[in-house]
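Residue numbers run from 1 in the order of the sequence given.
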Amino acid sequence: MKTKFILSVAFTLLLSVLSVSANESDTYSIYVTTQNSEKADEFAAKNVYELVETLNENTFEELQTIKLGNGILIENTEFENTLDTFFYPVFIDDTFKYILRVVDGGNNEYNGFLSIGAVEEIKSLSGESDYNNPITIYQSNGNLAYFNKHKDGILLRDPISDKNEPKQETLIALKNQRNAKIISNVNEISELVIEKPIENRMIEPRATGWLVIDYKETQGNNSWCSAYVNASAARFMTKNTSIVAKTIATYAGVGINDAIPWDSLVKWWGTKGYNFNYYSGQVGPGTVYADVSNRKPLFSAYKWYSGGWKYHALLIHGVDGNNLKVWNPWYSFSESASGTTFKYTSNSGITMDMYMFGRYSKK
């Protein structure tokens, strides 16, 4: 039976001491509410080694000192359909370097996303908590926020709505919920045994490859996500580095609060000598690998529910087995998304579902 991780107020949360460096634990110890989660722990321990190895492009022998912190449950009471998410601190040579986000996709299927996102933000909580006053991290109004007995604030703000604040009713509900939970102590570094790949194991055929795109601009506080995605794709394919999101928005004649119309995108690509065809549904690793092999990224559109449906565009520019390599224009780095469940979880903890994609071809 699949384990449900977001438990009712009668269940127990555990306290984790998160240290960003084994040599500086007295200075940088952070106490956070967390929770044992057998299934997510198992996934994290089994997959973190290969994820770090892939990200660093190092040999297995060079990565002997990977350690996992305990999983931090990202509390979420606002979205009924939101997937359970845990943040696992990843230590390289005893330095807190990455966050492994483990997402419960349902049906006993988990997805892992490794990035530098939220590392510095979680470090910034140093000194804000102690054993009897731990930090709780939660998602509200698109933001990744935190609170304890004496302070609350935002760790990662929704890049699209810079003036959004966490909902007060969510904060009150979580504070009341946490006060009813029992706090106890767990080790600084988890006792999870990380599984290193066996050198002589049989490796299944695995399609891997991605295009090296630039991170020339990020979206900021406007509604032009599709313009940023298409501008990045155009810079890669046309080698014209002067193309930016504003180029497309100006062509479409829209303001910063308006989305780019589909027909304007199609027409704009026509002026560059390309067809832009978009389709309802999802695109899998096979199609992505075929396009990437021909030096073409893909457009993708995702949606999530937060008091109404919200929509966002990502650029798919690679594939690694069953995962897609994607760029979210909110950030200046790429991440992974599932190519089987067609879900993506942002650094601020928002889980989105792919509902549309687009492909480019020369006229």
Side-chain angles (χ1 to χ4, degrees), residues 158-162 210-304 308-319 324-332 334-335 337 339 342 344 346 352-363:
D158 179 353
I160 305 304
S161 303
D162 289 342
W210 51 77
L211 306 174
V212 180
I213 62 169
D214 64 55
Y215 307 113
K216 183 171 183 175
E217 53 179 356
T218 53
Q219 186 174 348
N221 188 24
N222 62 52
S223 299
W224 297 345
C225 58
S226 61
Y228 284 89
V229 166
N230 280 283
S232 181
R235 287 195 299 272
F236 179 86
M237 290 192 292
T238 67
K239 309 303 179 187
N240 182 351
T241 58
S242 67
I243 297 173
V244 293
K246 190 174 180 179
T247 306
I248 300 175
T250 299
Y251 176 88
V254 301
I256 61 172
N257 296 319
D258 301 315
I260 312 296
W262 288 106
D263 60 342
S264 295
L265 291 172
V266 173
K267 291 176 182 177
W268 183 84
W269 275 105
T271 68
K272 303 300 175 186
Y274 282 85
N275 297 308
F276 174 51
N277 298 308
Y278 53 92
Y279 310 87
S280 296
Q282 300 86 26
V283 62
T287 299
V288 173
Y289 187 73
D291 279 16
V292 166
S293 297
N294 288 309
R295 309 288 296 169
K296 294 183 297 184
L298 293 89
F299 176 92
S300 60
Y302 285 73
K303 64 180 180 180
W304 74 99
W309 285 105
K310 295 187 177 182
Y311 305 89
H312 190 49
L314 305 181
L315 182 68
I316 303 175
H317 64 103
V319 62
L324 308 178
K325 196 170 185 69
V326 298
W327 174 60
N328 181 342
W330 293 347
Y331 311 119
S332 57
S334 291
E335 301 175 281
F342 306 106
Y344 158 75
S346 74
M352 311 177 188
D353 294 278
M354 188 193 301
Y355 72 94
M356 182 180 289
F357 66 96
R359 303 176 72 186
Y360 307 104
S361 61
K362 207 60 166 148
K363 279 185 174 290

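- The closest side-chain heavy-atom distance from Ser346 to Tyr331 is below 4.5 Å.
- For the side chain to side chain contact (heavy atoms under 4.5 Å, CB included) criterion with Pro297, the lone passing option out of Val292, Leu315, Ile316 is Leu315.
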What side-chain donor-acceptor pairs closer than 3.5 Å can you find for residues 251-264, not counting sequence neighbours?
residue, atom, partner, partner atom, Å
Asp258, OD2, Gly255, N, 3.3

Margin query: Assess the residue pair Phe299 and Tyr360 against the criterion (side-chain contact (heavy atoms from CB on, under 4.5 Å)); give the C-alpha distance rounded to whole Å, side-chain angles, the decisive distance to 0.1 Å, and a yes or no.
Written below: CA-CA 8 Å; Phe299 176 92; Tyr360 307 104; 3.6 Å; yes
Next item on the list: Could you walk me through whether Thr238 and Ile243 pass the side-chain contact (heavy atoms from CB on, under 4.5 Å) test, one step at a time?
Entry: CA-CA 9 Å; Thr238 67; Ile243 297 173; 3.8 Å; yes
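- Minimum heavy-atom separation, Tyr311 to Lys303: CD2-CB, 3.7 Å.
- The OH atom of Tyr289 sits 4.5 Å away from the OG atom of Ser293 when rounded to the nearest 0.5 Å.
- Applying the 6.0 Å contact sphere to NZ of Lys267 captures no more than 12 heavy atoms from other residues, nucleotides or ligands.
- The structure places CD of Glu217 at 12.0 Å from OG of Ser332, a figure rounded to the nearest 0.5 Å.
- Put simply, the side chain of Met354 reaches to within 4.5 Å of the side chain of Leu324, judged on heavy atoms.
- Between Thr287 and Arg359, the closest side-chain pair of non-hydrogen atoms falls below 4.5 Å.
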Check: Passes side-chain contact (heavy atoms from CB on, under 4.5 Å), His312 versus Asn328? Steps please.
Finding: CA-CA 9 Å; His312 190 49; Asn328 181 342; 2.7 Å; yes
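- Here the closest heavy-atom approach between residue Cys225 and residue Pro329 is recorded as O-CG, 4.1 Å.
- For the residue pair Met352 and Tyr302, the shortest heavy atom distance occurs at CB-CB, 3.6 Å.
- Within the structure, side chain to side chain donor-acceptor pair (under 3.5 Å) contacts touching residues 268-283 (residues at least two apart or in different chains) are Asn230-Trp269, Asn275-Ser361, Asn275-Lys363.
- In this structure, Thr218 OG1 and Trp330 CH2 are separated by 12.5 Å, a value rounded to the nearest 0.5 Å.
- With rounding to the nearest 0.5 Å, the separation of CG in Leu298 from CZ in Phe357 is 8.0 Å.
- Summarising the geometry, atom NZ belonging to Lys296 is positioned 5.0 Å from atom CG belonging to Asp291; distances are rounded to the nearest 0.5 Å.
- Ser232 contributes no side-chain N or O that, together with a main-chain N or O of Val229, makes up a donor-acceptor pair within less than 3.5 Å.
- Distance CG/Asp353 to OH/Tyr344: 13.0 Å, rounded to 0.5 Å.
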